[in-house]
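Comments concern the structure below.
Since we're looking at a predicted model, the values are computed, not measured.
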Amino acid sequence: MAMHGLSLGLLALVLLAFPPVAARAADCGSLASPKLDWQECTKKNLMLQGSDLEGANLVGTDFSLTDLAGANFKSANLEKATLVRASLEGAHAEGASFAKIEAYRASFANIAAEGASFAGAELQRANFAGAKLAGVSFEKAELGRADFDKAVLTGTKFSFANLSRADLSGASIKGPAMFERAFMFLTRIEGLDLSAASGLEQAQIDLACGDTSTKLPAGLSAPTSWPCPVEHE
């Protein structure tokens, strides 16, 4: 018993000397810098253009209405961040994670985000005009009325995404893109080359809006409802 009590005493001393390592608190007051930790910090309505946030921990960070144009997000983790009406125009975000972000009406115009993930993101009415999105995952993302004018979508994954009324008509797809089970109600695909796309089914094409210049994969055909009338918001 004495030996057992001694062992417990030694254990208590060890725990006091080396307490369990607690999760490091985010440094919300720090200036923007590579690999910083702003997890779940509030950074709303700020001017952070050109900030270098490469490799930063931005999980759950609130960037609502913040101007992040030209910022560097390479390999940063923005999972579950809030980017409602934020601007990331011209930003670099290669390999970054935007999974499950909330970014209603956010601007990603001209962003370079090759290999990034927007899986499960809320991106209704988001602007991706001119964006470089090769190899990007939009799997299970909400993309209602999103704009992809002049965006590069080669190798982009839209599997299980909601593309309702999204505009892909001016995008560039020079190779494969994945559309398995994507919801394409009134999705604008006029002039789009989908000949190498995978996962497309006739039912999706029948819901979408194309024209005589839309190129479809072998076995699919343009419905008689094309072209769709122009919608006025």
Discussion item. Are L78 and L46 linked, directly or through intermediate hydrophobic residues, by side-chain heavy-atom contacts shorter than 4.5 Å (ILVMFWY only)?
Written reply: yes
Discussion item. For K100, is the NZ atom crowded, meaning more than 12 foreign heavy atoms sit under 6.0 Å from it?
Written reply: no
Item to complete: Could you tell me which non-hydrogen atom of I189 sits nearest to which non-hydrogen atom of T214, and how far apart they are?
Response: O-OG1, 2.9 Å
Worksheet item: Quick one: do the E79 and S97 side chains pair a donor with an acceptor below 3.5 Å?
Response: no
Discussion item. Would you say that V84 contacts L65 through its side chain, given a criterion of any heavy-atom pair below 4.5 Å between the two side chains?
Written reply: no
Worksheet entry | In one Ile/Leu/Val/Met/Phe/Trp/Tyr side-chain cluster, 4.5 Å: M178, F183 | no
Item to complete: State whether the side chain of T82 and the backbone N or O of E102 hold a donor-acceptor pair below 3.5 Å, judged by distance alone.
Response: no
Discussion item. Under a 3.5 Å distance rule, please check whether S51 uses its side chain to pair with a backbone N or O of L53 as donor and acceptor.
Written reply: no
Item to complete: Can you measure from CG (L207) to CD (E201) and round to the nearest 0.5 angstrom?
Response: 11.5 Å
Worksheet item: Can you tell me how far the CG atom of L48 sits from the NZ atom of K43, to the nearest 0.5 Å?
Response: 7.5 Å
Fill in: Shared hydrophobic cluster, L88 / Y104 (ILVMFWY, side-chain heavy atoms < 4.5 Å)
no
Practice prompt. Mind checking the CG-CZ spacing from L123 to F98? Nearest 0.5 Å is all I need.
Written response: 10.0 Å
Worksheet item: Is the backbone N or O of D52 less than 3.5 Å from a side-chain atom of K74, with the two atoms forming a donor-acceptor pair by type?
Response: no
Discussion item. Minimum heavy-atom separation for A171 and F148, please, with both atom names.
Written reply: CB-O, 3.5 Å
Discussion item. Counting C-beta onward and ignoring hydrogens, is there a side-chain heavy-atom pair between F185 and R165 closer than 4.5 Å?
Written reply: yes
Worksheet item: Between L153 and V136, is a side chain to side chain contact (heavy atoms under 4.5 Å, CB included) present by the stated rule, with each step listed?
Response: CA-CA 8 Å; L153 302 177; V136 166; over 6 Å; no
Response to the item:
Minimal heavy-atom distance between Q39 and A26, with the atoms involved, is O-CB, 3.4 Å
Response to the item:
Residue set satisfying ring pair (Phe, Tyr, Trp, His ring centres under 6.0 Å) with F63, at least two apart, ordered chain then number -> none
Practice prompt. State, to 0.1 Å, how close K174 and T154 come at their nearest heavy-atom pair, and which atoms those are.
Written response: N-OG1, 2.9 Å
Discussion item. Run K140 and F160 through side chain to side chain contact (heavy atoms under 4.5 Å, CB included) and show every step you take.
Written reply: CA-CA 5 Å; K140 298 183 180 179; F160 298 92; 3.8 Å; yes
Worksheet entry | Rounded distance (nearest 0.5 Å) linking atom CD of E139 with atom CZ of R181 | 13.5 Å
Discussion item. I'd like to check T66 versus L83 (side-chain heavy atoms, cut-off strictly below 4.5 Å). Are they in contact?
Written reply: no
Discussion item. Less than 6.0 angstrom separating the ring centers of F138 and F179, yes or no?
Written reply: no
Worksheet item: Side-chain heavy atoms under 4.5 angstrom apart, residues restricted to Ile, Leu, Val, Met, Phe, Trp, Tyr: same cluster for L194 and L133?
Response: yes
Discussion item. For a quick check under 3.5 Å, do E54 and N72 share a side-chain donor-acceptor pair by atom type?
Written reply: yes
Worksheet, complete the sentence: Those residues at least two apart in sequence (or on a different chain) that pass side-chain hydrogen bond (donor to acceptor under 3.5 Å, both in side chains) with Q202 are D206
Worksheet item: Could you give the distance from NE2 (H92) to CG (N110), rounded to the nearest 0.5 Å?
Response: 10.5 Å
Worksheet item: Between M184 and L200, does a side chain to side chain contact (heavy atoms under 4.5 Å, CB included) hold up when you go through it step by step?
Response: CA-CA 10 Å; M184 298 178 67; L200 279 174; 3.7 Å; yes
Worksheet item: With a 4.5 Å limit on heavy-atom distance, are the side chains of E180 and S198 in contact?
Response: no
Worksheet item: Which heavy atom of A166 sits nearest a heavy atom of L143, and at what distance?
Response: CB-O, 3.5 Å
Practice prompt. Looking only at non-hydrogen atoms, find the nearest pair between D62 and S64 and report the distance.
Written response: OD1-OG, 2.6 Å
Worksheet item: About how many Å separate OG of S195 and CG of L220, when rounded to the nearest 0.5 Å?
Response: 11.0 Å
Worksheet item: Any side-chain donor paired with an acceptor under 3.5 Å for N57 and N77?
Response: no
Worksheet item: Any chance the rings of F118 and F108 have centres within less than 6.0 Å?
Response: yes
Practice prompt. Quick one: list whatever passes side-chain hydrogen bond (donor to acceptor under 3.5 Å, both in side chains) with S30, sequence neighbours left out.
Written response: W38
Fill in: Donor-acceptor contact present, side-chain D167 to main-chain A146, <3.5 Å
no
Item to complete: Step by step, work out the side chain to side chain contact (heavy atoms under 4.5 Å, CB included) result for T212 and W226.
Response: CA-CA 8 Å; T212 56; W226 287 7; over 6 Å; no
Fill in: Side chain to side chain, D149 and L168, heavy atoms closer than 4.5 Å
no
